[in-house]
Asker: 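A single structure is presented below for examination.
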Amino acid sequence: MGDQIRVDRWEAGLLKQPPVLPERELDICLMKQTRRIIYRGGYLQFENLTYQSDELAAFAGETVVLRYDPRDITRILVYRREAEHDTQGALISAKETFLAPAIAEDLETEKLSLEEAQANSRRIREQGKTVDNQSMLDEIHDREAFVGQRKKSRRERQKEEQARIQPKSKSKQTDTPQLAEPESKLELQEVVEIELPQVTVWDFDDED
């Protein structure tokens, strides 16, 4: 309208300026979410992993909201959704209250993405094993050992290649004849022999 750009028009229509979210809250808003039931003792199940938090024990039996970062699911955030209804039972609003973080048991020091967890679960099932925290941890360690072995093998191959190249370069250096340094500048001068013509010398003082 007129000379207003879209953002000017948007700001003109605001009843009030919206608050700016802190970076931490913005990160939480961008997380993925799902819903799960809290079991006795504050346990949760998500992607074949067991999570636990003592602070969740009081909410056993309730369905809660899980927020997680797909890049690392070893730690999730648990929220309780609280709805507000009017006198007739109609929903007025709903808000989420943060309860506690939950950590995957035995994976406290590990980092595991959602994609890696799903791939590990498939491999564990193919081996006929039960997918749980321990088998997932074993799979992580096996993967790390495999990657470490590949890196080690690559370094060993590089060392072997260098070992093959170095003797060749040394032999090339030794095969090249080296000129001896002259002891003096006189050794550099060439000796030239000059033949002088035969000359007869007359002695005029001799009476004969």
Side-chain angles (χ1 to χ4, degrees), residues 21-83 91 93-168:
L21 290 177
E23 288 188 10
R24 177 56 180 163
E25 291 186 20
L26 182 59
D27 290 340
I28 294 174
C29 290
L30 295 176
M31 284 182 171
K32 303 293 183 180
Q33 70 174 31
T34 187
R35 297 170 69 87
R36 291 292 189 275
I37 296 176
I38 299 178
Y39 297 101
R40 183 181 300 177
Y43 287 91
L44 288 162
Q45 289 285 333
F46 174 62
E47 289 297 330
N48 300 308
L49 295 176
T50 301
Y51 298 77
Q52 196 274 336
S53 174
D54 293 337
E55 299 176 45
L56 299 176
F59 303 95
E62 292 192 25
T63 299
V64 292
V65 176
L66 308 184
R67 293 188 181 275
Y68 62 93
D69 184 350
R71 296 170 297 183
D72 185 11
I73 63 170
T74 58
R75 183 178 186 271
I76 59 177
L77 305 179
V78 183
Y79 289 80
R80 184 186 191 189
R81 181 164 291 178
E82 300 174 350
L91 179 64
S93 63
K95 65 177 182 177
E96 293 179 357
T97 302
F98 177 66
L99 297 181
I103 310 298
E105 292 186 317
D106 302 324
L107 300 175
E108 294 85 353
T109 60
E110 305 296 333
K111 185 175 182 180
L112 180 68
S113 70
L114 176 62
E115 184 178 1
E116 290 170 341
Q118 293 172 345
N120 290 348
S121 297
R122 288 193 296 269
R123 283 194 293 269
I124 293 171
R125 289 194 182 97
E126 290 173 357
Q127 297 170 6
K129 300 178 181 179
T130 302
V131 182
D132 54 19
N133 290 44
Q134 184 58 50
S135 61
M136 189 73 71
L137 181 61
D138 294 340
E139 190 68 24
I140 293 173
H141 290 170
D142 291 344
R143 180 64 179 174
E144 291 176 349
F146 175 74
V147 173
Q149 184 63 33
R150 288 193 61 182
K151 290 181 179 179
K152 181 180 179 181
S153 299
R154 186 164 56 249
R155 288 195 298 267
E156 290 177 350
R157 288 196 298 269
Q158 291 175 350
K159 290 181 179 179
E160 291 176 358
E161 185 65 22
Q162 291 176 355
R164 285 195 298 267
I165 294 174
Q166 287 178 354
K168 291 181 180 178

Asker: Apply salt bridge (Lys or Arg N to Asp or Glu O under 4.0 Å) to R36 and list each qualifying residue two or more places apart in sequence or on a separate chain.
Answerer: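 Salt bridge (Lys or Arg N to Asp or Glu O under 4.0 Å) list for R36, sorted by chain: empty.
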
Asker: Does a side-chain heavy-atom distance below 4.5 Å link E116 with M136?
Answerer: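 A side-chain contact is absent here, since even the closest heavy-atom pair is not under 4.5 Å.
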
Asker: May I ask you to check whether over 12 heavy atoms, not counting those of R40, lie within 6.0 Å of atom CZ?
Answerer: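 Atom CZ in R40 is not packed in, count stays at 12 or less.
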
Asker: Dump the intermediate steps for side chain to side chain donor-acceptor pair (under 3.5 Å) on D132 and S135, then the final yes or no.
Answerer: CA-CA 5 Å; D132 54 19; S135 61; 2.9 Å; yes

Asker: Which residues pass the salt bridge (Lys or Arg N to Asp or Glu O under 4.0 Å) test with R123, sequence neighbours left out?
Answerer: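 For R123, the residues satisfying salt bridge (Lys or Arg N to Asp or Glu O under 4.0 Å) (neighbours in sequence not counted) are E139.
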
Asker: Between D106 and Q134, is there a donor-acceptor pair closer than 3.5 Å when you use the side chain of the first and the backbone of the second?
Answerer: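 Side chain of D106 to backbone of Q134: no pair is present.
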
Asker: Working to the nearest 0.5 Å, report the span between CD of E47 and CG of L114.
Answerer: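 Atom-to-atom, E47:CD and L114:CG are 5.0 Å apart.
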
Asker: What's the separation between atom OG in S53 and atom CD in E55, rounded to the nearest 0.5 Å?
Answerer: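 That separation rounds to 4.5 Å.
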
Asker: Nearest 0.5 Å please: distance from the OG atom of S121 over to the NZ atom of K129.
Answerer: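 One gets 13.0 Å once the value is rounded to the nearest 0.5 Å.
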
Asker: Does a side-chain heavy-atom distance below 4.5 Å link N48 with R125?
Answerer: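 Yes; the side chains approach each other to less than 4.5 Å.
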
Asker: State, to 0.1 Å, how close I124 and T130 come at their nearest heavy-atom pair, and which atoms those are.
Answerer: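 I124 and T130 have their closest heavy atoms at CG2-O, 3.8 Å.
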
Asker: How far apart are the closest heavy atoms of E105 and N133, and which atoms are they?
Answerer: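 In this case the closest contact between E105 and N133 is O-ND2, 2.7 Å.
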
Asker: With a cut-off of 3.5 Å and sequence neighbours excluded, list every side-chain donor-acceptor pair involving residues 56-73.
Answerer:
{"from": "E62", "atom 1": "OE1", "to": "R80", "atom 2": "NE", "distance (Å)": "3.0"}
{"from": "E62", "atom 1": "OE2", "to": "R80", "atom 2": "NH2", "distance (Å)": "3.2"}
{"from": "R67", "atom 1": "NE", "to": "E96", "atom 2": "OE1", "distance (Å)": "3.4"}
{"from": "R67", "atom 1": "NH1", "to": "Q33", "atom 2": "OE1", "distance (Å)": "3.1"}
{"from": "R67", "atom 1": "NH2", "to": "Q33", "atom 2": "OE1", "distance (Å)": "3.1"}
{"from": "R67", "atom 1": "NH2", "to": "E96", "atom 2": "OE1", "distance (Å)": "2.8"}
{"from": "R67", "atom 1": "NH2", "to": "E96", "atom 2": "OE2", "distance (Å)": "3.4"}
{"from": "D69", "atom 1": "OD1", "to": "R71", "atom 2": "N", "distance (Å)": "3.1"}
{"from": "D69", "atom 1": "OD1", "to": "R71", "atom 2": "NE", "distance (Å)": "3.2"}
{"from": "D69", "atom 1": "OD2", "to": "R71", "atom 2": "NE", "distance (Å)": "3.2"}
{"from": "D69", "atom 1": "OD2", "to": "R71", "atom 2": "NH2", "distance (Å)": "2.9"}
{"from": "D72", "atom 1": "OD1", "to": "T74", "atom 2": "N", "distance (Å)": "3.2"}
{"from": "D72", "atom 1": "OD1", "to": "T74", "atom 2": "OG1", "distance (Å)": "2.8"}
{"from": "D72", "atom 1": "OD1", "to": "L112", "atom 2": "N", "distance (Å)": "3.2"}
{"from": "D72", "atom 1": "OD2", "to": "T74", "atom 2": "OG1", "distance (Å)": "3.4"}

Asker: Going by heavy atoms in the side chains, are Q52 and D54 under 4.5 Å from each other?
Answerer: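 Sidechains of D54 and Q52: in contact.
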
Asker: Please check if atom CD in Q45 has more than 12 non-hydrogen atoms from other residues, nucleotides or ligands closer than 6.0 Å.
Answerer: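 Atom CD in Q45 is crowded, with more than 12 foreign heavy atoms closer than 6.0 Å.
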
